Amino acid sequence: MDAAAPPWLVYCGVDPVRFSSPRSNRVSIRTRTRPVLAVATDPKPTRKTPSQSSPSNNNVNGSSKSSLSKKSVNGVSTRMGDVSQEIKRVRAQMEENEDLAILMRGLRGQNLRDSQFADDNIQLRLVEVDESSEFLPLAYDPASISAYWGKRPHAVATRIIQLLSVAGGFLSRLAMDVVNKKVKENEVARAIELREIVTSLGPAYIKLGQALSIRPDILSPVAMMELQKLCDKVPSFPDDIAMALIEEELGQPWQEIYSELSSSPIAAASLGQVYKGRLKENGDLVAVKVQRPFVLETVTVDLFIIRNLGLVLRKFPQISIDVVGLVDEWAARFFEELDYINEGENGQLFSEMMRKDLPQVVIPRTYQKYTSRKVLTTEWIEGEKLSQSTESDVGELVNVGVICYLKQLLDTGFFHADPHPGNLIRTPDGKLAILDFGLVTKLTDDQKYGMIEAIAHLIHRDYPEIVKDFVKLDFIPEGVNLEPILPVLAKVFDQALEGGGAKNINFQDLASDLAQITFDYPFRIPPYFALIIRAIGVLEGIALVGNPDFAIVDEAYPYIAQRLLTDESPRLRNALRYTIYGKSGVFDAERFIDVMQAFENFITAAKSGGGENLNGDMAELGLLQRQADISFPRFLPSESQSKQPVQTRAALGFLLSEKGNFFREFLLDEIVKGIDALSREQLVQIMSVLGVRNAAPVFSLVPTVGPFKPAGLLPSITEEDRVILNNVQKILEFLTAGSAISTSSSQGVNVAQVIQELLPVLPGISARVLPELISRLSSRVLARLIRDTFL
Ligand SMILES: Nc1ncnc2c1ncn2[C@@H]1O[C@H](COP(=O)(O)OP(=O)(O)OP(=O)(O)O)[C@@H](O)[C@H]1O
């Protein structure tokens, strides 16, 4: 361990959790469940006030001394030797107790706000601690927070008075608005006031305000818009405190780690502030995020107060908002956000997931060695905010962002839940950088697949199924009578689908219409979905500036098509089948083409974004297109011998591939049905073209009856046949578009001709599709012959 590390850390051999009560100078080592020992300094260390601190402390090349006191101490204290004895005892205890040791190693780096231990000369006193109320928890635990603040009524009362003095005026004005029925009229003014108050109340309220700003089921649109401006515009804290925290957290003065560090933060957020620096060890440019001091203390007292207020409100049934539930839900996330080690790991994980398929997305690398619970060192990302960029590729980068977020939502399930405009950067080389992984949400398979199923149902306007999807997706509680909600939802969706269908849905409008339902029906916007709405809202907002016609679902559709076509899970297979056949089970050629077209768009976009660097699944799909970009001889009906190379399309490449097996089945079924509907003469021709040499003899076996010859038996084409033939023709037209093969005919369906011309000349078909087609055709032809001839 480093020489500059606190001595007891050296003795323990692990970084135990250190913790303290905010107003005492006592430090404790504890596990998540129980304290192990406590260490107290005497007196409290002193910090230089901001005015005392020399600006050169933080200069990029300046020198800095720890701002913590190095003075020796008065009062009750134990000499260092005793401390080491005690440490040895604890260490022995830990060695005996493997679980404890593992637990403490797992909690490594979760350090105390004060740096009592940074000074070798400091004298320490060891005290046994057994009151759990001495500690604030590191993971959200309302009971521990209650126990802690319950023992500090004075501090709580002071905070309540402070809150009331700031918020009292606002609340009374709001009450007057209600009494005077002027809520609507004064909505904007109150929303602005609310934002200002929230900013002045500190990190807990700023974060809570941000969380509420995406809840259309709780706030009015005006209030939401105002609170969304809370995007972390808060004053910075003194730099010398930040430098001292770096030293305490990382165990050495910042100058030992960074050769440069900006003299002031380049950004200050509600929980931390960010400096630009350079690593001493290799010269890499880095961003160093340092957490605000006392965040845990200031936030937990507010949580304690709001939660208790919520408990009181629960006694009034006419108040429908469950404040306790909201606080608990939010606080659990908030505690995760406080742990920068977690944030760094999230970033790494996210980067691995994206690197594979989306090389246009950049995630800053985490320097774990220089990261602790309160200090995060990551690669510096050069660039400008995407929302402020005037480069011509902003639209493309928004589309990359859409794909990236869809991939998180529908594929990896690991969702970056804090995509405010400040976290989306356009790098100078035209890539999209995503910052800040403090807040991530993990989606379950049920949620991922449920969303895709709902989209498939939406495409078919199958509202009864969508209502069931909403139950699965946690919008509607289990067991609720769905009948009254169905017509309401149907109306909302009909409205959304008006003028252009699913692809032109305005997602934000739809979300706010859905939010309206929450007021009258047992329908809610689940928290994970609120985050999705926000993420999509941010991307939509950026895109709409440059392109007023931007329709997010339209942009998303190619990715959804790709998911449907390539995911082999049974649920998505069903969703794909449903997309093509709908509830009625009738093949829908338009839908088939639509999905294929969208898939091609996806491939084109993926290829243009990732170029030759594509790998993973998408690379495979890109390769499919290259395979499909093959030329084949052109056969024109009128000039059958004139051959020239023609390009075919990615859709066909996919259909011929291993991955396209499942989807090909649909097509083959339809083609076989199409051929089945043709005249017998055409059938024979096709069969022989396909290489079924014995087709004609089969026909010739059929006895001639009167003036009819078997090959001349023309079955009458029914209306159903006509639909099938039409379908086949449409699909073939689509698949051969760009080739010179003519699939359309002024006399109507020209399927036989197309099949005869197309099938034998497509490379790859003979290997894979023909045997499947022939085997189906053979049995059907035989069955048809028997039917036509003998029945
Ligand atoms: N790796 C980086 N490279 C360049 N700039 C960065 C980097 N990390 C952060 N920043 C800048 O700092 C700002 C704030 O960082 P970040 O979003 O990580 O903080 P935050 O998570 O909002 O803070 P808090 O958790 O306290 O709310 C970013 O919007 C960006 O401008």
Side-chain angles (χ1 to χ4, degrees), residues 198-199 202-211 213-214 227-237 241-242 245 258 260-262 264-279 284-296 298-299 330-331 333-348 350-351 361-368 370-389 416-429 431-440 531 534-535 538 542:
V198 164
T199 310
Y205 287 89
I206 294 176
K207 281 278 160 189
L208 197 58
Q210 285 173 2
S213 74
I214 58 166
L227 288 188
Q228 274 164 15
K229 294 184 191 155
L230 281 173
C231 270
D232 300 358
K233 293 274 172 299
V234 281
S236 57
F237 61 89
I241 293 188
L245 196 88
Y258 311 106
E260 301 170 11
L261 210 52
S262 55
S264 56
I266 51 105
S270 55
L271 300 185
Q273 57 196 31
V274 176
Y275 294 84
K276 183 176 181 180
R278 192 180 286 284
L279 278 186
D284 285 358
L285 271 181
V286 288
V288 185
K289 183 152 89 168
V290 186
Q291 199 167 96
R292 281 177 187 279
F294 311 117
V295 167
L296 198 65
T298 50
V299 167
W330 169 79
R333 281 173 192 286
F334 177 82
F335 268 68
E336 273 175 33
E337 256 195 280
L338 285 180
D339 183 357
Y340 286 174
I341 295 178
N342 187 38
E343 179 169 339
E345 285 169 359
N346 285 344
Q348 288 305 102
F350 197 87
S351 168
V361 173
V362 178
I363 314 292
R365 165 185 167 206
T366 303
Y367 292 88
Q368 268 151 348
Y370 303 121
T371 293
S372 72
R373 198 177 160 84
K374 294 179 183 173
V375 175
L376 175 66
T377 305
T378 53
E379 171 192 353
W380 179 260
I381 299 288
E382 210 55 71
E384 53 181 344
K385 284 184 184 159
L386 187 61
S387 55
Q388 290 170 1
S389 174
H416 177 252
D418 198 9
H420 62 72
N423 289 339
L424 301 175
I425 307 282
R426 182 194 176 276
T427 64
D429 57 347
K431 293 190 172 179
L432 173 69
I434 302 180
L435 307 178
D436 192 1
F437 293 85
L439 197 60
V440 294
L531 292 169
R534 177 177 173 197
V538 168
I542 296 173

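Since this is a predicted model, take the numbers as computed values, not measurements. In each ligand, atom 1 is the first atom listed, and ligand 1 is the first ligand listed.
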Look up atom CG in Leu376 and atom CD in Gln291, then write down how far apart they are to the nearest 0.5 Å. 10.5 Å

Checking heavy atoms under 4.0 Å, the part of Glu379 that sits near ligand 1 is backbone

Correct closest heavy-atom pair for Pro293 and Ile241 would be CG-CG2, 3.7 Å

Quick one: does Tyr340 get an N or O within less than 3.5 Å of an N or O on ligand 1? no

Would you mind reporting whether Arg333 and Leu531 have side-chain heavy atoms less than 4.5 Å apart? yes

Ligand 1 to Asn423, heavy atom cutoff 4.0 Å, flagged ligand atoms 17 (O), 29 (O)

Is the closest side-chain heavy-atom distance between Leu285 and Lys276 below 4.5 Å? yes

Any idea which part of Val274 is under 4.0 Å from ligand 1, heavy-atom wise: side chain, backbone, both or neither? side chain

Numbered in order shown, the ligand 1 atoms found under 4.0 Å of a heavy atom of Gly272 are 26 (O)

How long is the straight-line distance from CD of Glu336 back to CG of Asn342, given to the nearest 0.5 Å? 6.0 Å

Check this for me - ligand 1, Ala287, N or O atoms closer than 3.5 angstrom, yes or no? no

Spacing of Asn346 atom CG and Asp339 atom CG [to the nearest 0.5 Å]: 9.0 Å

N/O to N/O below 3.5 Å, does that happen between Ile381 and ligand 1? yes

Quick check: closest heavy atoms across Ser236 and Arg292, and the distance to 0.1 Å? CA-NH2, 4.1 Å

Ligand 1-proximal atoms of Thr378, by part, heavy-atom distance under 4.0 Å: side chain

Atom indices of ligand 1, in the order listed, that fall short of 4.0 Å to a heavy atom of Ala267: 12 (O), 13 (C)

For Lys289, the ligand 1 atoms whose distance to one of its heavy atoms is below 4.0 Å: 16 (P), 18 (O), 19 (O), 20 (P), 21 (O), 23 (O), 25 (O)

